[in-house]
Amino acid sequence: METFAYPHFSSTVQVALFKHVTNAANLRARIVRASTLEGREGDAEREAVNFAFIDARLVTSVLHIQTAITQALLAAGQNTLRTKTVHSEVIWALNPSNNITEALRRYGVSDDSTALLVIRIDPLEHSDVRNRMSAVVEGTQVPIAELAGLTDWTAVKKYHKLNGDLFIKEIQSDPAREHHLIDNIVVSFVAMKSVAT
């Protein structure tokens, strides 16, 4: 698990990468159920799943996810969230369109997710976040550096409509160069999304 400090937002962000996730369908159902529960039970369940659950195969780099986190924190700090929580705002920031439902469907946990980035944004660092993440995600926590090996570049190109880009077609024989360029494009898109909307 990595911890990133954002002192200018008075926030600490903890990010864990899980591989071999076996309970994605149950986790998704639990998140949906938590959103509809009322009273103390609902509050407790919402707190138990109060994370951003992101399908790791659509994240191109650590910078990509850090940029989305920064955009979400900026929106929260300016009271301009487009979604209900800062965690769902991170997911929305990753999606190339402004459709919140599409963002949650594509970038959030799905029934067939096998690798997840789990993010918790808090004013202070909490020591029990790792245990709380492990309590809801059944999988193997691995170093965030392994993210690079999980990216589905074909899906990233499809969702960002980069398949027709002539320069990407020209360099596709060099996967490292192609991936670097795609990463630059999607990171830039996330960084500019709040300005363009």
Side-chain angles (χ1 to χ4, degrees), residues 1-2 4 13-35 46 49-76 80-121 133 136-139 141-142 144 146-163 179 182-197:
M1 184 166 68
E2 297 279 337
F4 302 104
V13 179
Q14 292 170 287
V15 180
L17 176 61
F18 289 86
K19 288 172 52 174
H20 312 296
V21 174
T22 59
N23 69 327
N26 292 337
L27 180 57
R28 185 176 174 279
R30 185 175 178 185
I31 294 165
V32 171
R33 183 175 172 268
S35 70
R46 278 186 290 282
V49 294
N50 189 15
F51 301 99
F53 296 97
I54 298 168
D55 190 334
R57 68 186 183 86
L58 298 175
V59 178
T60 58
S61 65
V62 174
L63 180 60
H64 187 199
I65 198 65
Q66 287 179 314
T67 305
I69 291 167
T70 301
Q71 291 301 318
L73 287 169
L74 185 61
T80 58
L81 288 175
R82 290 154 187 90
T83 66
K84 292 183 179 182
T85 70
V86 69
H87 293 117
S88 57
E89 193 80 6
V90 173
I91 297 169
W92 176 83
L94 291 168
N95 192 46
S97 81
N98 290 321
N99 186 313
I100 296 168
T101 303
E102 178 183 273
L104 294 172
R105 189 181 75 250
R106 284 184 180 172
Y107 287 83
V109 63
S110 66
D111 290 351
D112 59 348
S113 295
T114 58
L116 292 174
L117 276 168
V118 183
I119 300 170
R120 175 65 184 229
I121 299 172
M133 288 177 175
V136 294
V137 178
E138 295 172 11
Q141 195 172 140
V142 296
I144 199 166
E146 291 189 28
L147 178 64
L150 299 173
T151 303
D152 180 345
W153 294 98
T154 302
V156 171
K157 286 194 298 188
K158 175 184 172 187
Y159 291 151
H160 287 271
K161 298 181 176 151
L162 298 174
N163 285 321
H179 297 169
I182 292 169
D183 180 51
N184 284 341
I185 291 169
V186 299
V187 168
S188 297
F189 184 83
V190 171
M192 293 301 298
K193 187 170 183 178
S194 64
V195 176
T197 58

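Side-chain atoms are counted along with the backbone in the values below, which use heavy atoms only and exclude waters and symmetry mates.
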Report the C-alpha distance between H179 and T151 in whole Å, list the side-chain angles of each, state the deciding distance to 0.1 Å, and finish with yes or no for side-chain contact (heavy atoms from CB on, under 4.5 Å). CA-CA 10 Å; H179 297 169; T151 303; over 6 Å; no

Looking only at heavy atoms, which two atoms of [X] and [Y] are closest? And how far apart?
{"X": "D183", "Y": "S61", "value": "OD1-OG, 2.7 Å"}
{"X": "V156", "Y": "R57", "value": "CG2-O, 4.2 Å"}
{"X": "A56", "Y": "L150", "value": "CB-CD1, 4.3 Å"}
{"X": "V59", "Y": "L94", "value": "CG2-CD1, 4.5 Å"}
{"X": "Q71", "Y": "A93", "value": "CB-CB, 4.3 Å"}
{"X": "V142", "Y": "K19", "value": "CG2-CD, 3.6 Å"}

R82/N98 under side-chain contact (heavy atoms from CB on, under 4.5 Å): CA gap, chis, key distance, verdict: CA-CA 9 Å; R82 290 154 187 90; N98 290 321; 5.7 Å; no

Which residues satisfy the salt bridge (Lys or Arg N to Asp or Glu O under 4.0 Å) test with R105, sequence neighbours excluded?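 For R105 there are no salt bridge (Lys or Arg N to Asp or Glu O under 4.0 Å) partners, ignoring immediate neighbours.
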
Residue of the set V62, L147, I69 for which side-chain contact (heavy atoms from CB on, under 4.5 Å) holds with V15: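 Among V62, L147, I69, the one meeting side-chain contact (heavy atoms from CB on, under 4.5 Å) with V15 is I69.
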
Atom pair [atom1] ([X]) and [atom2] ([Y]), whose distance is rounded to the nearest 0.5 Å:
{"X": "L116", "Y": "F18", "atom1": "CG", "atom2": "CZ", "answer": "8.5 Å"}
{"X": "I91", "Y": "R106", "atom1": "CD1", "atom2": "CZ", "answer": "14.0 Å"}
{"X": "Q14", "Y": "I119", "atom1": "CD", "atom2": "CD1", "answer": "11.5 Å"}
{"X": "S188", "Y": "H64", "atom1": "OG", "atom2": "NE2", "answer": "10.0 Å"}
{"X": "N26", "Y": "R33", "atom1": "CG", "atom2": "CZ", "answer": "12.0 Å"}
{"X": "M1", "Y": "Q141", "atom1": "CE", "atom2": "CD", "answer": "6.5 Å"}

Does [Y] offer a backbone N or O that forms a donor-acceptor pair with the side chain of [X] under 3.5 Å?
{"X": "T83", "Y": "T85", "result": "yes"}
{"X": "N23", "Y": "V136", "result": "yes"}
{"X": "D152", "Y": "A155", "result": "yes"}

Answer with yes or no whether the side chains of H87 and N50 bring together a donor and an acceptor at under 3.5 Å.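 Per modelled atom types, N50 and H87 side chains form a pair under 3.5 Å.
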
Show your reasoning for whether side-chain contact (heavy atoms from CB on, under 4.5 Å) applies to F53 and V21. CA-CA 12 Å; F53 296 97; V21 174; over 6 Å; no

Give me the ring orientation class for F189 and H160: parallel if the planes are under 30° apart, tilted from 30 to 60°, perpendicular past 60°.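 It falls in the perpendicular class, over 60°.
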
State which residues pass side-chain contact (heavy atoms from CB on, under 4.5 Å) with S97; sequence neighbours excluded, sorted by chain then number.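 Listed in chain order: N95, N99, E102.
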
Does atom CZ of R28 have more than 12 heavy-atom neighbours from other groups under 6.0 Å away?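 Open.
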
Apply side-chain hydrogen bond (donor to acceptor under 3.5 Å, both in side chains) to T67 and T70, showing your working. CA-CA 5 Å; T67 305; T70 301; over 6 Å; no

Stepwise side-chain contact (heavy atoms from CB on, under 4.5 Å) test for W153 and T60: CA-CA 8 Å; W153 294 98; T60 58; 3.6 Å; yes

